[in-house]
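In what follows, chains are A, B, ... by sequence order, proteins preceding strands, each numbered from 1. Just so we're clear, the structure is a prediction, and the values are computed from it rather than from any experiment.
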There are 2 protein chains.
Amino acid sequence: MERSNEPAEGRGDGRVAGRADGRRPPTIRGVAERAGVSKSLVSLVLQGSPRVSDAKRQAVLDAIEELGYRPNAAARSLVARRTHTVGVLLNDMRNPWFVEVLDGLNSLLEAHGLRMLMADGRLDRRAGQDFARTFQELRVDGLVVVGTLPDTDGLAEVAERLPTVIAGNHEPRLPHVDIVANDDERGARLATEHLIALGHRRIAHIAGQGLVGELRRRGFEAAVRAHGLAASAVVESGDGTEEGGYRAAVRLLNPSRGTERPTGVFAFNDISCVGALSAAQELGLDVPADLSLVGYDNTYLARIRHLWLNSVNNASHEVGRRAARCLLDRMERPDAPAGHQLVAPELEIRGSTAPPRP
Amino acid sequence: MERSNEPAEGRGDGRVAGRADGRRPPTIRGVAERAGVSKSLVSLVLQGSPRVSDAKRQAVLDAIEELGYRPNAAARSLVARRTHTVGVLLNDMRNPWFVEVLDGLNSLLEAHGLRMLMADGRLDRRAGQDFARTFQELRVDGLVVVGTLPDTDGLAEVAERLPTVIAGNHEPRLPHVDIVANDDERGARLATEHLIALGHRRIAHIAGQGLVGELRRRGFEAAVRAHGLAASAVVESGDGTEEGGYRAAVRLLNPSRGTERPTGVFAFNDISCVGALSAAQELGLDVPADLSLVGYDNTYLARIRHLWLNSVNNASHEVGRRAARCLLDRMERPDAPAGHQLVAPELEIRGSTAPPRP
DNA sequence: ACGGTGAATTGGAACGGTCCAACGCTGTCC
DNA sequence: GGACAGCGTTGGACCGTTCCAATTCACCGT
């Protein structure tokens, strides 16, 4: 009762201590009053309408400037029923690969006036489990899932209502969800064929886990088979970590092994490739003279002069760009059939391969 | 006129092609209607009010479930004048350091029901230039700036209206803006004193740029001076890159140099330390037998077994946690004087240092 | 029988924008 | 001189919530 007579005073929101400086941010009405026009006219000015006289436009702009007015995005999107925001769900921001995709995404989305709202599933437990709820409550205009994702059921639910695109992963396949991914199988073939072209005949692969690990292994196997080297090819399992790569390489290179050891190794990713490099050096093998190595992902690890690894560059930036393109298309035609495209990788040559010793 | 009789039909928003599936998402009114209650009661249920009969509560919950209703965050925050969102501005997501800070931030913010809206100044040109405008339009409840920042004027403007905290940087100092940063000077002293304690007498520093570079150099100089080694200490300038570290190390270690060469080097960061490592190996020096190295930041580079660098761990997670604490406090008392705290780093010992050769 | 009490429920006014129909002007044309 | 067109401008409905005051209703004591 007493309170209703002093509406804009501090502590008006019932918190323990007064919020902000007690003064609410200026509204469109405040601007209108100051400029001596109606709020409708201010709205027209904000939208850059041409049917406003220069005099009033200037008055409005001055008032905006003087008051430091900023339109309220919530109010705006409430009536427009568009937030100009797309949700981006990642699962590990530590992965430099993601940043490339984000960069590619952003370049296009920004040009279309969309901002990105990022959530990291691993970093933010809530976002991982409950991202469906969060993004729906925020009424994002679209959703991009980057990499693998914790909760497929949740995604299916969101995808029914929201234009959705998966970037950098091959699954899950859902009715109206586009997929843009790296062509991992092709990249693995590229790496393997590079070793073969150098003259290597005993070639090994340090495998990774998950669907991506599967695809890269498949590419490796296809390449060795195509060149009749399947009999002398070996696959050791790793886990995508440096330690896993190290141990796999030790198993591969250990002299106690019955068969002759490989002269070329294609590793699942750069990290495990670095592990393999460590193992080789511990065993007194020179890279690339005694052992050729190829990694994958072309991370900045590969670019360290000390390591200088050949690596498959999976063009993540392009994946991001294309995913953005898909999302924009799907926002226009939400019921179009799901598309599925692969982006071709390239092999980046540095110093970790050479022809085998004669 | 004709339209007003068919309000919820597709294309109602006047776009070129129909948006979504033509059906608007359910609102609180729809839920109320279905449950046979008023919208006010639904609102009470949503807020978990105890003064709702069990029968009606259940009816409402069922209706929500059946319709797949999700409250509209924009409408909610419009009346509540709180978005439960804090803006996080970073300047390069590629930096693994940031991710740690974000993780620390998130752990506390999430527990207080706040979500993070991230913008990368380098990735998103608009966010970098115009983040002040964007965050103000979104009416975020607070702002965290992680690392350095492109536009100090913009920050000053925002900070007048918004609880603001700077994490991981020592500047700029503004009236109501708290600062939580790593104690770079102390970390540098730690690293340098470790070398001194091992018995090194000719110690060098590969410096970095900016305020942080300055602070670390200062810590180095303080330590050598305190131990009476200032005369034999050298500082070479680098730029925080691998290449810069490499070149600085070449200059330091080159035999043609007039003076005797250092036996211990403290580098500005892990990356330039890796560059120094490369240079040492090219010159035929063994690390750590001929040359001890210490890096900074304890990134995962340092943890690569192949490199296995001693490095100063600047406890970024803790920086994030404390920054979140500051922000929460400041949201309660926005006019409190600005605080400034430093987080103590620790030295992580691995394999890149040893006593100098006798 | 009646007012009082308190709990459960409801209508309606915000919140800060957009947008549409309608308005007052001025000038033009027949 | 009146109908009309077109321009610049405005009031008010609406978007989907929250919150407050008001209402209903059963129950109680007198």
Side-chain angles (χ1 to χ4, degrees), chain A residues 1-5 7-8 12-15 19 24-33 35-60 64 67 69-84 136-139, chain B residues 1-5 7-8 12-15 19 24-33 35-60 64 67 69-84 136-139:
Chain A
M1 264 199 176
E2 312 80 40
R3 276 226 336 248
S4 62
N5 280 338
D13 59 357
R15 300 201 59 74
R19 263 263 314 128
R24 289 188 191 171
T27 72
I28 199 173
R29 271 174 243 269
V31 174
E33 197 173 328
V37 300
S38 71
K39 65 179 176 42
S40 303
L41 193 82
V42 177
S43 178
L44 288 176
V45 171
L46 285 174
Q47 278 146 76
S49 162
R51 34 215 298 167
V52 176
S53 67
D54 286 346
K56 301 232 166 176
R57 163 173 290 115
Q58 198 53 52
V60 168
I64 288 176
L67 295 174
Y69 167 75
R70 294 283 175 267
N72 183 325
R76 185 176 279 186
S77 70
L78 186 56
V79 43
R81 280 207 263 347
R82 287 203 65 183
T83 53
H84 298 280
Q136 282 186 78
E137 291 190 0
L138 291 170
R139 299 287 194 273
Chain B
M1 264 197 178
E2 313 79 38
R3 278 240 317 264
S4 62
N5 281 338
D13 59 359
R15 302 199 60 72
R19 263 268 307 134
R24 290 187 191 172
T27 73
I28 200 172
R29 269 175 244 270
V31 174
E33 198 173 329
V37 299
S38 71
K39 64 182 177 39
S40 302
L41 192 82
V42 177
S43 178
L44 288 176
V45 170
L46 285 173
Q47 277 145 77
S49 163
R51 32 214 301 167
V52 176
S53 68
D54 287 345
K56 301 232 168 177
R57 163 174 289 114
Q58 198 52 54
V60 168
I64 288 176
L67 295 174
Y69 167 76
R70 294 283 174 266
N72 183 323
R76 185 175 278 187
S77 70
L78 184 57
V79 42
R81 280 206 274 325
R82 285 204 65 185
T83 52
H84 296 279
Q136 282 185 76
E137 292 190 0
L138 293 170
R139 299 289 193 272

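One N or O on the side chain of A:R57 and one on the backbone of A:S49 form a donor-acceptor pair closer than 3.5 Å.
As rounded to whole Å, 16 Å separates atom C1' of C:dG12 from atom CG of B:L41. Rounded to a whole Å, the CD1 atom of A:I28 is 13 Å from the C1' atom of C:dC15. Atom pair A:R81:CZ and C:dG16:P shows a separation of 20 Å (rounding to whole Å applied). Here the P atom of nucleotide D:dT10 and the CZ atom of A:R29 are 14 Å apart, to the nearest Å. Atom CZ in A:R82 sits roughly 17 Å away from atom C1' in C:dG17 (whole-Å rounding). B:R51 places its CZ atom 12 Å from the C1' atom of D:dC19, with the value rounded to the nearest Å. In this structure, the CG atom of B:L44 is 14 Å from the P atom of C:dA7, given to the nearest Å. The CD atom of B:Q58 sits 14 Å away from the P atom of C:dT9 (whole-angstrom rounding).
A:S38 has a side-chain polar atom (N or O) that falls below the 4.0 Å cut-off from OP1 or OP2 of D:dT10. Phosphate contact (OP1/OP2 of C:dT18, side-chain N/O of A:R76, threshold under 4.0 Å): present. Within the structure, a side-chain polar atom (N or O) of B:Q47 is placed less than 4.0 Å from OP1 or OP2 of D:dC19. Put simply, B:S43 has no side-chain N or O that comes within less than 4.0 Å of OP1 or OP2 on D:dT17.
Applying the 6.0 Å contact sphere to CD of A:E137 captures more than 12 heavy atoms from other residues, nucleotides or ligands.
At a threshold of 4.0 angstrom between heavy atoms, the contacts of B:R70 are confined to the sugar-phosphate backbone, with no base atom among them.
Considering only side-chain atoms of B:K39, the nucleotide from C:dG11, C:dT18, C:dG17 that sits closest is C:dG11. With D:dT9, D:dT18, D:dG12 as the candidates, the nucleotide lying closest to the side chain of A:V52 is D:dT9. Out of D:dT18, C:dG17, D:dG16, the shortest distance to the side chain of B:R24 is found at D:dG16.
With the nearest nucleotide of DNA chain C identified for both B:S53 and B:A75, B:S53 has the one nearer the 5' end.
Counting atom types as modelled, A:T27 pairs no side-chain N or O with a base atom of C:dG17 as donor and acceptor under 3.5 Å. Below the 3.5 angstrom threshold, one finds no donor paired with an acceptor across the side chain of A:S77 and the base of C:dG17.
Considering only heavy atoms from C-beta on, B:L46 comes within 4.5 Å of B:I28 through its side chain. Looking at B:L138 and B:T83, their side chains never come closer than 4.5 Å, going by heavy atoms from C-beta outward. A:L44 places none of its side-chain heavy atoms less than 4.5 Å from the side chain of A:V60.
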